Amino acid sequence: MALVPYEETSGVGLQKFHKPLATFSFANHTIQIRQDWRQLGVAAVVWDAAVVLSTYLEMGAVELRGRSAVELGAGTGLVGIVAALLGAHVTITDRKVALEFLKSNVQANLPLHVQPRAVVKELTWGQNLGSFSPGEFDLVLGADIIYLEETFTDLLQTLEHVCSSHSVVLLACRIRYERDNNFLVMLERQFTVSKVHYDPEKDVHVYKAQKRNQREGL
């Protein structure tokens with residue numbers, strides 16, 4: 001199902017999405033991401049938030065080496081690929097319809113010795129959470145995943161499940177509509193949230209979130 005999250009798809013905006021390959025340089029590697037807008041829509045193109053979050057990871061603001069990470073709504077998998085190249089053990093997730101495409105990008109861009117550190121796995125928010133251990137991940141990554149209001153409750157439930165009190169959540173997004181702020185308000189009920197990075201050229205924010213402990217909620 002192709003979902004268009006915002007109307008930046010006219011004229012020049014669409015051209016980059018229709019390119020079959022998007023090329024990046026991260027972690028001393030050239031990464032070539034295959035795109036397929038016509039078949040999979042938003043799941044199969046690289047959004048600016050993914051580039052900004054990958055840049056933030058490369059800056060070394062969070063420890064990745066040896067850490068367990070999960071990317072939610074991975075789409076093309078760019079962020080998860082970069083995290084794996086930087087030393088994390090990454091579970092790269094999306095809905096079933098996007099998995100084969102996602103897997104092809106991951107395998108094409110990770111050297112053989114890095115591939116064991118990256119697993120592609122189905123995760124539909126709020127649904128198949130039983131296949132993930134509660135609090136399983138040190139780091140939770142999401143790029144441009146808060147654009148559909150009807151998914152907010154399921155996304156929050158998923159974050160609750162995969163995070164422990166020590167987990168760090170990094171969400172990169174462009175604040176386009178009031179509903180985007182609404183999600184951050186919802187998130188703050190269960191997590192402490194702070195803005196840790198902003199890319200003015202791409203107008204993308206990176207937010208860091210951690211579960212509130214029980215005492216804070218009292």
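Since we're looking at a predicted model, the values are computed, not measured. Just so it is clear, the values below take in all heavy atoms, side chains as well, and ignore hydrogens, waters and symmetry mates.
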Rounding to 0.5 Å, atoms CD (Glu188) and CZ (Phe183) come to a distance of 10.5 Å
_Are Val79 and Leu171 linked, directly or through intermediate hydrophobic residues, by side-chain heavy-atom contacts shorter than 4.5 Å (ILVMFWY only)?_
no
Tightest non-hydrogen contact, residues Ala49 and Val204, listed as CA-CG1, 3.9 Å
On a heavy-atom basis, the closest approach of Asp180 and Arg174 is OD2-O, 3.5 Å
Do Asp48 and Asp199 pass the side chain to side chain contact (heavy atoms under 4.5 Å, CB included) test, and can you show the C-alpha distance, the side-chain angles, and the key distance before you say yes or no?
CA-CA 10 Å; Asp48 284 343; Asp199 184 318; over 6 Å; no
#### Entry: ILVMFWY network linking Tyr207 to Val162, side-chain heavy atoms under 4.5 angstrom
yes
Kindly determine whether Cys163 and Val169 satisfy side chain to side chain contact (heavy atoms under 4.5 Å, CB included), including the steps that lead there. CA-CA 8 Å; Cys163 287; Val169 180; 3.5 Å; yes
On a heavy-atom basis, the closest approach of Asp94 and Ala74 is OD2-N, 3.4 Å
- Item | Test item: Arg176 and Asp144 side chains (from C-beta on) under 4.5 Å apart, heavy atoms | yes
Is there a donor-acceptor contact under 3.5 Å from the side chain of Glu71 to the main chain of Leu141?
no
All heavy atoms of Thr76 vs all of Arg34, minimum pair found to be CG2-O, 4.3 Å
Practice problem: For residues Asp203 and His205, determine if any side-chain heavy atom of one lies less than 4.5 Å from a side-chain heavy atom of the other. | Solution: yes
Those residues at least two apart in sequence (or on a different chain) that pass side-chain hydrogen bond (donor to acceptor under 3.5 Å, both in side chains) with His89 are none
dist Trp47:CH2 -> Tyr147:OH (nearest 0.5 Å) comes out at 7.5 Å
- Starting from the C-alpha separation in whole Å, work towards a yes-or-no answer on side chain to side chain contact (heavy atoms under 4.5 Å, CB included) for Thr30 and Phe24. CA-CA 6 Å; Thr30 297; Phe24 306 92; over 6 Å; no
Notebook entry, point to check: Has the side chain of Thr158 got a donor or acceptor atom that lies under 3.5 Å from a matching backbone atom of Gly126?
Noted result: yes
Notebook entry, point to check: Can you find a heavy atom in the side chain of Trp125 that is under 4.5 Å from one in the side chain of Leu159?
Noted result: no
Tightest non-hydrogen contact, residues Ser68 and Phe137, listed as OG-CA, 3.5 Å
In this structure, CG of Leu155 is separated from CD1 of Ile146 (nearest 0.5 Å) by 8.0 Å
Co-membership, hydrophobic cluster, residues Val185 and Leu187, 4.5 Å side-chain
no
Q.
Please check: side-chain N/O of Glu63 versus main-chain N/O of Arg65, any donor-acceptor pairing under 3.5 Å?
A. yes
The reported gap from CD in Gln190 to CG in Leu156 (rounded to nearest 0.5 angstrom) is 5.5 Å
Between the CD1 atom in Ile92 and the CG atom in Leu99, the distance rounded to the nearest 0.5 Å is 11.0 Å
Between Phe26 and Val51, is the side chain to side chain contact (heavy atoms under 4.5 Å, CB included) condition met? List the steps.
CA-CA 10 Å; Phe26 286 110; Val51 179; 4.2 Å; yes
Tell me, do Val168 and Gln210 make a side-chain contact under 4.5 Å, heavy atoms counted? yes
Residues 152-167 vs salt bridge (charged side-chain N to carboxylate O under 4.0 Å, His left out), sequence neighbours excluded, gives Glu160-Lys211
Counting only N and O atoms by type, is there a donor-acceptor contact under 3.5 Å from the side chain of Thr91 to the main-chain atoms of Val70?
no
Please check if Leu123 and Leu53 belong to a single hydrophobic cluster, counting links between Ile, Leu, Val, Met, Phe, Trp and Tyr side chain heavy atoms closer than 4.5 Å.
no
Residues Ala118 and Ala84: closest non-hydrogen pair is CB-CB, 4.4 Å
task: Determine, using the 4.5 Å side-chain heavy-atom cutoff (strictly less than), whether Leu72 and Leu78 are members of one ILVMFWY cluster.
output: no
Original post:
Any cation-pi pair here, Lys208 with Tyr56, using under 6.0 Å and within 45°?
Top reply: no
_With heavy-atom distances below 4.5 Å as the criterion, would you say the side chains of Asn109 and His29 are in contact?_
no
- 4.5 Å side-chain heavy-atom contact, Val106 and Val90: no
Heavy-atom side-chain proximity of Leu129 to Pro134 below 4.5 angstrom | no
In this structure, NZ of Lys96 is separated from CG of Asn128 (nearest 0.5 Å) by 10.5 Å
